[in-house]
Structures are given as C-alpha cells and as structure tokens.
Amino acid sequence: MPGDPLEGQEVLQQVAHAPLPGENAPAAAASASTVRTYFASIEQGESAAQQRAEEAQKLLAAIVAFSDDAIISKTLDGIITSWNNGATRLFGYSAQEAIGQHITLIVPRELWPQEDEILARLRRGIHIDHFETLRVAKDGRSLDISLSISPIRGEDETIIGAATIMRDISRQKAMARQLWEREEQERFLTEVSKVLASTLDYQGTLANIARLIVPRLADWFAVDLLDAEGHFQLAVLEHQKAEQVEWARALRERFPIDYDAPAGLPQVARTGRSELYPEITDEMLAAAARSEEELAIARQVGYSSLMLVPLVARGKTIGVVTFVATESGKKYNARDLALAEELGRRAGVALDNARLYNEAQQARDQLEIILQGVADGIIVYDKDSRIIYANEAAARMTDYASVENLQRARPLEPTRRFEITDEEGRPFPLDRLTHKRVLAGERKAQAIIGYTQKAGGRPERWSLVTSSPVYDDRGEILFVITITHDITERMLAEQRKDEFISMASHELKTPVTSLKGFVYVLQRRLRKQGDAQALHYLERIDTQLDKLTRLVSDLLDLSRMQVGKLDLQRTLVDLDALIAETVENMQAATPTHRLTIEGATRAQVSGDEDRLAQVFINLLTNAIKYSPSANRVEVHLAREQDCAVVRVQDFGIGIDEAHQQQIFERFYQVTDPEEKTYPGLGIGLHISKTIVERHQGCIEVHSRKGQGATFSVFLPIVER
Ligand code: ADP
C-alpha cells in the first residue's frame with residue numbers, strides 16, 4: 001500500500017520502475033537532483049492519490065540516499081545515471097565523479113565481458129538477483145560484491161535502464177574463505193595424522209608424508225634428518241615428476257649444504273625456528289648463491305616461495321622440512337607456515353615413534369639371535385602358565401621337534417620318547433614344576449628333572465631347571481623366565497661316583513670287620529701275657545678301627561639312601577632314655593667336653609632306635625668337633641605342639657648364614673680357611689637329615705659365625 005513503509009527489494013523495485021525524466025537523455029542529466037526535480041514536477045496539481053504517491057516517492061528517495069547499500073542506476077549502454085551515498089562509501093567515487101561514466105569504472109577488466117552479458121540480459125527484461133561478483137574501488141582494492149539488478153522501464157514499458165543494488169560482502173567472503181581454509185587445514189592434518197599412524201616404517205612414513213604434501217601444499221618437498229654428528233641426511237625429496245627428483249638429488253650432491261650460512265637448514269636446526277620467504281626475489285637468489293653456476297640453477301628452479309620448518313620430537317629438533325613453491329606460483333603466508341609447523345610437529349612425533357620402534361625391533365632381533373644361540377633352554381611363561389617364548393635349545397632339551405611344538409604342548413605332556421621324573425625317578429608332580437612354584441609365590445625355584453624312556457626307568461637325560469619371576473610396576477608377575485640347563489654329564493658323573501662309593505664301602509667293610517676280629521683275638525692273648533704296652537697300642541688301633549667302621553658305615557648308608565634303600569626297623573622309642581644313653585656313651589669317649597641334658601620330652605616316637613641314635617651321635621660329634629675351645633655341649637629336651645624337640649647346642653665356631661642351608665647337602669663342607677682344618681667327609685648332616693625326614697620329622701640349625709650352633713630335631717610324638 002502506498003504510504004506504507006516499504007522495504008528492501010520492494011523499494012528497489014519501485015525505484016527501478018520509476019520513470020526517469022528525459023528518456024534516452026544524455027546520462028549526465030540523470031542525476032539524483034533530476035530525480036528530485038521529477039518528483040517536484042509531478043507534485044503540482046495532482047490528485048490526492050497522486051499526492052500519496054508523491055510522498056511515497058519522497059520516502060523512497062530518502063531511503064535510497066541513506067541506504068548502506070550502494071544503489072546506482074545506469075542506462076542500457078552502461079552509463080551511470082545515479083549514484084547514492086552508499087555507492088560513494090563503497091567505491092570511493094563521489095556522485096559527481098561517477099555519474100556519466102561507464103559502469104566499467106567499477107568493473108575489473110577481466111569481468112567486462114560478464115558486464116556486457118548482464119546488460120544484454122537486462123535488455124531482455126531479466127531481473128538478476130543476489131549475484132556475487134568482483135568490483136574495484138577507486139583506490140584499486142578488489143571488492144567482493146553481491147548485486148541485484150532490475151531493469152528500469154519507461155512509461156511505455158520499454159526498458160530504458162537498470163537499477164543496481166550492491167552490497168560489500170568482502171568480509172563475509174573473507175570469513176567464509178578463512179573458515180573453509182581452516183576446515184581444509186583440519187582435514188589435511190587429520191589425513192596427515194592418519195597416514196603417519198598407519199605405519200611404523202621410517203622410510204614409509206616419510207614417503208607417505210611427501211605424497212600428501214606434493215602438490216597440494218608444495219611443488220617440492222624435502223625432509224633432511226640430522227644424524228648423530230649433526231649433519232643433514234636427505235631422507236626424502238618429492239616432486240610430481242620423477243625426473244625432476246633425480247635432477248634435484250644430483251644438485252644436492254653438487255652443491256652441499258652450507259653449514260655456516262646465516263639462514264637456511266642449519267640455522268633452522270640450530271634455533272628450532274621456522275623460516276618463511278613469502279616471495280623469493282632474484283636478489284635473494286643472488287645473495288644466497290655461492291657461484292654463478294649455483295645462481296643459474298637457482299633461477300632455473302624458478303623459486304616462488306619457500307618455508308623451512310623444524311622437525312621436532314620430544315622437544316628436540318631432529319631435522320628440517322622444506323616446502324618450495326615453484327611452478328604453482330603459490331605464495332606462502334603466515335597461515336601456511338602455521339600449518340607447516342604443525343605438520344613438522346606431528347611428523348616429528350611419528351618419525352620418532354617409528355625410530356624407537358625400529359630400534360626396539362633391532363634390539364629384539366639381536367636378543368633373539370643371542371637367545372637362540374645359547375646352549376641353555378629358555379622358556380618364558382605368562383602369568384597363566386602359557387609359553388610366550390622358547391628358544392630352540394628349550395625345544396631340544398624337552399624333546400620337542402620344534403619351538404612351535406613346544407609352545408603348543410601342555411605342561412608335562414609326554415613327548416615322543418620321554419617321561420618326566422624327579423631325581424629319584426618318580427613322575428614329576430605338575431604343581432612342583434618350577435614356573436608353577438614361582439607363580440605360587442616363590443621368588444626363585446629350582447628343580448632337577450630327569451627324562452626317562454618310560455615310567456620307572458632310569459633317567460637318560462637330566463636338566464637343572466631354574467625359574468624366576470619378572471614383575472610389573474605394581475609388583476605383579478608379568479612373566480616367569482625358566483632356564484633349563486643340561487646336567488646329564490654331571491648327573492652321570494655323580495652316578496658313577498655313587499656307584500664307586502657303594503662298591504668301595506662294601507669292599508672296605510670286609511677287611512675292616514676282619515681287622516676288628518684279629519684285634520679282638522690279639523687283645524685276649526696280650527691280656528693273658530700281661531703285655532700292657534702292646535695292649536695300649538692295640539687299644540689305639542681299635543679306636544681308629546672304630547672310626548674307620550663308622551666312616552665305612554656312613555658311606556654305605558649314603559649309597560643306600562641314594563638308591564632309596566635305607567630300611568627302618570620301627571618300634572616305639574622312649575626318646576628321653578635314648579638321649580640319656582647316647583649322651584652317656586659319648587661322654588665316656590669325650591674327655592674334653594662336659595655333655596649335659598636339660599628338660600625332658602616325656603615322649604615316645606615311632607622309629608628306628610639305632611638310626612635315631614645315629615642322628616644324635618652325629619650332632620654331638622659335630623658339636624664337640626667344631627667347638628675345640630669350649631668345654632661343654634648342652635642337650636635341651638622339650639615338647640612343642642605335637643613334636644618332641646631335641647636341641648644340641650655348642651659354643652664353638654658357628655656357621656655363617658650363607659652356608660646354613662647347604663650344610664645338609666651331600667658332601668657339603670664349609671671351606672672357609674678356618675673350617676678347612678677339620679677332618680670329615682661332609683655326609684654326617686645329610687644322613688641325619690634323611691633319617692629325620694624318614695621319621696616325618698625335620699631338622700634345622702640356628703647359628704652365627706663365631707657364636708656356636710644349635711641343631712634342633714623335631715619328631716612327631718606318638719601318644720601313649
Ligand atoms: P663333616 O664330616 O664335614 O662334619 P657334616 O655333614 O657333619 O660333615 O657337616 C657338614 C659341615 O657343616 C661341616 O663340614 C661343618 O663345616 C659344618 N658344621 C656341622 N656341624 C657344625 C657345628 N656344630 N658347628 C660348626 N659347623 C658345623
């Protein structure tokens with residue numbers, strides 16, 4: 001409705017359709033003032049309706065004048081006929097300057113054909129809406145413009161010109177461009193990260209990066225890595241054309257990097273700061289070239305723009321990345337540099353990972369070679385007892401055809417030929433396997449395993465198996481490492497030794513027994529003859545023969561134990577009485593020490609009286625033997641829970657803690673200089689321990705070097 005506030009497009013339409021005075025009149029005449037004059041002329045003598053129309057027109061004129069948009073009109077020949085304040089603000093030309101000029105005043109030369117096109121469409125009465133294009137301001141700035149053009153019709157409806165509304169959309173455009181670029185960069189970096197994460201192969205990673213960058217971001221792309229001496233090694237050089245790459249590589253050889261140059265690769269590596277050369281000028285090339293030849297080649301390359309960014313890993317510059325624009329004519333700016341730097345950071349991390357991985361891989365390969373080469377079998381179990389590593393020796397020793405077969409096998413599964421036994425040839429219990437014991441909490445477990453053709457047979461091969469745990473940060477078991485050492489030779493030698501001892505002790509027993517017999521006969525005869533001197537010597541011979549008899553019987557016991565043939569004659573034994581008798585007998589033969597008994601067990605035990613006596617004789621003998629400077633040995637008797645306890649305490653040289661476990665082993669003797677002087681075979685304690693254990697008891701030692709020793713025997717009590 002006339003008089004109503006009119007807006008936007010409608011206003012433009014009205015203005016566009018308002019006939020201008022003097023159609024086809026020279027453009028100079030068509031100015032804002034002529035429009036006003038026109039409005040004034042029709043004012044006179046018009047009807048009320050006309051008056052309202054006139055007011056509307058005034059309003060429109062005011063809107064046009066003060067609009068923020070540039071509103072201009074032109075003839076169909078392109079001559080500017082009106083120019084509002086908005087147009088002056090936008091383009092910098094005043095109305096005076098613009099009106100009468102051809103519209104190409106504000107159209108960039110390359111868009112002139114487009115302008116002709118627009119005029120042609122206008123002549124056909126076509127309205128153009130929100131068309132985005134470029135215009136130039138008076139100062140030469142290029143402006144992003146959204147324009148709408150409507151034809152202006154004369155009274156006879158013929159098209160006589162056009163009204164154009166133009167809006168500066170440079171800012172929106174710039175923002176949209178920035179947004180797009182940012183999104184594009186994000187997309188690019190995501191792609192880079194994906195590629196970088198896809199491989200841990202060093203060269204592969206570099207090649208992948210290069211392919212992402214050329215030609216999108218650079219015509220040339222190079223990565224130079226710093227070696228241990230701080231020299232650059234060209235790791236990758238990329239250009240779309242392979243022959244170009246060849247050529248550039250050759251140039252690199254001819255013109256090596258100038259490490260003293262104040263700018264360029266070495267400087268970026270030294271400072272860790274990027275270098276950006278938005279525009280490479282000929283003067284720059286001339287300044288950088290070290291010879292005419294180098295300059296000529298630099299010119300040939302046709303540098304347009306250049307960026308050098310550091311390749312950073314764990315805060316250290318490990319190389320330099322070079323981006324060169326040549327034929328694309330690209331000019332790098334701060335945004336490109338930021339992107340390149342980000343790329344340098346991401347690539348640095350990826351390369352570092354790849355390098356670490358390669359190093360770890362190499363170390364693993366080396367370790368593998370070493371492990372496969374060692375003679376001992378090595379098996380690594382996880383916490384579920386699964387084999388996660390085994391070397392060939394392990395497979396060989398456990399009689400599997402290959403490492404794979406061993407890994408597939410279940411523990412103790414019979415192999416093709418062998419059964420697994422303990423030292424005595426009994427089937428090896430599953431839960432006593434050393435890795436199982438470590439998983440159950442032992443810090444180090446050791447066992448001797450025999451490999452027997454079939455159950456009950458004699459082992460053919462032997463291994464000493466040792467397992468130790470590897471813990472994680474929280475102290476939980478990560479793996480168990482089991483080392484299997486072949487001890488077949490040692491065990492066979494031991495067997496031969498045992499056989500020899502068994503044979504020798506048997507052989508010795510007969511002559512010793514007959515010697516004892518002859519001594520007895522001689523003693524009787526000499527007593528009759530009353531030869532006191534000879535009798536004295538004979539007594540000494542008899543004492544020595546007793547020692548020899550004990551040694552021989554110890555050796556015999558030992559060999560019986562070896563073959564599990566130590567027979568016990570069990571009866572109910574009154575322990576206190578047995579101890580009293582043993583001590584009494586020992587005292588009779590011991591002038592140096594006083595042997596005392598304290599307390600009582602008041603217990604009966606089930607056992608072999610002679611064998612138990614043998615244990616206490618051994619302990620008392622040792623107590624006396626290893627306390628030459630003392631004059632007493634104490635025997636303490638007590639009951640502790642279900643056990644009778646016999647403690648033999650001396651005040652002698654004592655035993656260092658380091659030896660306390662081993663002294664119960666066969667033939668073990670403490671060989672420190674002091675102990676070396678004591679005679680013995682190192683079998684007494686072993687026999688004692690075996691006898692006590694056969695009685696379901698146990699034996700232990702408490703001692704400190706130089707402070708005497710206490711051996712305690714625990715035996716289960718049989719209630720009356
Ligand atoms: P041996 O014949 O050497 O005495 P044993 O088996 O009886 O053999 O003892 C083993 C080793 O234990 C001895 O060689 C000695 O070093 C040590 N030993 C045994 N009893 C004592 C003790 N009461 N005091 C100090 N050392 C002892």
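All residue numbers in this chain count up from 1 along the given sequence. Whatever order the structure lists ligands and atoms in, that order sets their numbers, starting from 1. Quick note: numbers below take in every heavy atom, side chains included, and nothing from hydrogens, waters or symmetry partners.
- Between Arg666 and Asp498 there is a salt bridge, since at least one side-chain N of the basic residue sits less than 4.0 Å from a carboxylate O of the acidic one.
- Results of the side chain to side chain contact (heavy atoms under 4.5 Å, CB included) test with Phe651 over His593, Gln707, Arg632 single out Arg632 as the only residue that passes.
- Proximity of Phe711 to ligand 1 is established by a heavy-atom distance of less than 4.0 Å.
- Enclosure of atom CD in Glu584 is not indicated, since only 12 or fewer non-hydrogen atoms of other residues, nucleotides or ligands lie within 6.0 angstrom.
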Discussion item. I'd like to know whether Met586 forms a side chain to side chain contact (heavy atoms under 4.5 Å, CB included) with Ile624, so could you lay out the CA-CA distance, the side-chain angles of the two residues, the decisive distance to 0.1 Å, and finally the verdict.
Written reply: CA-CA 10 Å; Met586 289 288 297; Ile624 294 162; 4.0 Å; yes
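- Summarising the geometry of Ala313 relative to Gly348, their closest heavy-atom pair is CB-O, 3.6 Å, with the distance given to 0.1 Å.
- Within ligand 1, counting atoms from 1 as listed, the ones closer than 4.0 Å to a heavy atom of Ile683 are 6 (O), 8 (O).
- At a heavy-atom distance under 4.0 Å, only backbone atoms of Leu681 (N, CA, C or O) approach ligand 1.
- Nearest heavy atom pair, residue Ile655 against residue Ser703, reads N-OG, 2.8 Å.
- In this structure, His485 has no ring pair (Phe, Tyr, Trp, His ring centres under 6.0 Å) partners at least two apart in sequence or on a different chain.
- Looking at atom 7 (O) of ligand 1, its nearest protein heavy atom turns out to be Asn622 ND2, 2.8 Å.
- In terms of N/O distances under 3.5 Å, ligand 1 is approached by Gly684.
- Of all protein heavy atoms, the one lying nearest to atom 26 (N) of ligand 1 is Ile655 CG1, 3.3 Å.
- Regarding atom 9 (O) of ligand 1, its nearest protein heavy-atom neighbour is Leu685 CD1, 3.5 Å.
- Among protein heavy atoms, atom 8 (O) of ligand 1 sits closest to Gly682 CA, 3.1 Å.
- Closest protein heavy atom to atom 3 (O) of ligand 1: Gln669 NE2, 2.7 Å.
- Atom 18 (N) of ligand 1 has its closest protein heavy atom at Tyr626 CE1, 3.8 Å.
- With a 4.0 Å heavy-atom cut-off, ligand 1 is reached by no atom of His659.
- Using a 4.0 Å cut-off between charged side-chain N and carboxylate O, Glu494 and Lys497 make a salt bridge.
- At the shortest separation from atom 17 (C) of ligand 1 among protein heavy atoms lies Ile663 CG2, 4.1 Å.
- A salt bridge links Glu693 with Lys689: at least one charged nitrogen is closer than 4.0 Å to a carboxylate oxygen.
- For ligand 1 and Tyr668, the ligand atoms under 4.0 Å from any heavy atom of the residue are 10 (C), 11 (C).
- For residues 610-626, the pairs satisfying side-chain hydrogen bond (donor to acceptor under 3.5 Å, both in side chains) are Asp557-Arg611, Asp557-Gln614, Arg611-Gln614, Asn618-Ser688, with sequence neighbours left out.
- Heavy-atom contacts of Lys625 reach the following atoms of ligand 1: 1 (P), 2 (O), 4 (O) (cutoff under 4.0 Å).
- Ranking protein heavy atoms by distance to atom 23 (N) of ligand 1, first place goes to Asp650 OD2, 2.9 Å.
- Near Gly680, meaning under 4.0 Å from one of its heavy atoms, ligand 1 places the atoms 2 (O).
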